[in-house]
Amino acid sequence: MMDYKDIFKRKPYFTEKAEKETLYGEWLTELTEYHRERCTPYGKLLKNLKVPQYQHMREEEIPMLPIGLFKDFDLVSIPEQTVFKTMTSSGTSGQKVSRIYLDTETADYQQRALVAIGGDFWGDARLPLLVIDSPRVLKDRNLFSARGAGILGFSIFSSRICYGLDKDMNLDLEGIELFLNRYQGETILIFGFTYIIWNYFYQALKRLGQSFHLPKGILVHGGGFKKLTDQSVSSEEFKERITEVTGINRIHNYYGMAEQTGSIYMECPFGHLHASIYSDIITRRAKDFKVCSYGEKGIIQVFSPLAFSYPGHSILTEDEGVILGEDDCPCGRKGKYFRVLGRIQQAEIRGCSDTYDG
Amino acid sequence: MTNLEIYNRMFIRDLRVKEEDLPGLKYRGIRTWDSLGHMDLIADLEEKYDIHISTSDVMNFSSYEKGMEVLAKYGVII
Ligand SMILES: [Zn+2]
């Protein structure tokens, strides 16, 4: 059995390539066997794909689940009575939502990973947190969306919370000002989903001709630029415009899956998204699924050694990206670092699913 | 009120439990002690004892008993 104490004794960005490869081979092989025994549809899939049993696999040999399968199947590896929370995600293309079942153990691991990653960027002291979203997102405590999960996850970093949008997603300018005045001159954390920050915070401030002065603010945003590239907003423009209306210079994007909550990929000051000890990434060529070289564009596959209550330890996403390097980012963090380019084409997605029809 | 009385009262109020349920109570062990309930409880304890608990200690505050150990680090002896 994997020793989770060992994972959490490690700092998030200190493990180098050779050791990480060994660890991930072991951890992910073990998790594959674990879920094969406990999750019937997953076991069937592995049988259809003729994945050998009880055999050590390297990270790249670990079978991958196309992310869309979480919509088509109830992928769960724990008895129903130990499900603590159910999370839904509509993050991927199509109308159906995926359901992710969490027990207390997996929820705890995911939260610990997030705490360690966040702590590496802004320290262990809790900070006043301005959430750019509506508290309505958290209405149902037992069944929540990926958006709700993000807010709940980040709330652990907060000493006090203020929601910047009301129940109808209107900017609560008065509430925000009251909150910011109370913590004037202090470091504050601002969290939200990229398109919500853009559409309901930035645009609203622009419309009102308002701005803030938060030189010590740290803004963290995730969820992808998909809805923004439709409005042709690039990552660079997002940063520039947000700095313009808030005075915030420390802006971190993050990449992550609802299916692997907690082990997010944070963007460092050099604009690189970083894998930590709690996650890893591979990119694959669309035509034959071979592993790409660094610098080569490919479909992103993500790994997490923390997915216990559902078989989410190796997922083929619907995103394209480029791995830029490993262990040598100028920011000093070890691990792979990469850039996300956006969604892959529909045809390619179908190609991925076909691979799994056998 | 003693520190223990304050401690118990915050649990009872924020997590909607009875005093006899407290021994052995674990974070995420009951519906009301989820991450929302947890942050309410931590914020109230900080206010009552006038302390600031770090993020990692919020994670370490994993049960009724563990919470007492965490608070002891901040000079609150229960
Ligand atoms: Zn970096």
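Just so it is clear, the values below take in all heavy atoms, side chains as well, and ignore hydrogens, waters and symmetry mates. Proteins get letters first, then strands, A, B, ... in listed order; numbering begins at 1 in each.
Proximity to chain B is absent for every atom of Ala116(A), based on heavy atoms less than 4.5 angstrom apart. With a threshold of 4.5 angstrom between heavy atoms, Asp108(A) approaches chain B through its backbone and through its side chain. Proximity to chain A (any heavy atom under 4.5 Å) is shown, for Met59(B), by both the backbone and the side chain.
Rounded to the nearest 0.5 angstrom, Leu127(A) CG and Thr55(B) OG1 are separated by 7.0 Å. Distance CD1/Ile161(A) to CG/Leu36(B): 8.0 Å, rounded to 0.5 Å. Between Met39(B) atom CE and Arg160(A) atom CZ the span is 9.5 Å, to the nearest 0.5 Å.
Per-residue counts of heavy-atom pairs under 4.5 Å with chain A were compared for Gly29(B), Ser62(B), Ala43(B); the largest is that of Ala43(B).
Residue Tyr64(B) places its OH atom among more than 12 non-hydrogen atoms of other residues, nucleotides or ligands, all under 6.0 Å distant. Within a 6.0 Å sphere centred on CG of Asp50(B), heavy atoms belonging to other residues, nucleotides or ligands number 12 at most. The number of heavy-atom neighbours closer than 6.0 Å to CZ of Arg99(A), taken from other residues, nucleotides and ligands shown, is 12 or below. Remark: Glu47(B) CD is loosely packed, at most 12 non-hydrogen atoms of other residues, nucleotides or ligands lying under 6.0 Å away.
Remark: side-chain polar atoms of Asp124(A) are not paired, donor with acceptor, to backbone N or O of Ser54(B) under 3.5 angstrom. Formation of a donor-acceptor pair under 3.5 Å by the Arg126(A) side chain with backbone atoms of His52(B) is not found in this model.
Counting only heavy atoms from C-beta outward, the side chains of Thr104(A) and Lys26(B) never approach each other to under 4.5 Å. In this structure, His38(B) and Gln111(A) have side chains that are not in contact, with every pair of non-hydrogen atoms separated by 4.5 Å or more.
When every heavy atom of Ile30(B) is checked against every heavy atom of Phe84(A), the shortest pair comes out as O-CE1, 4.2 Å.
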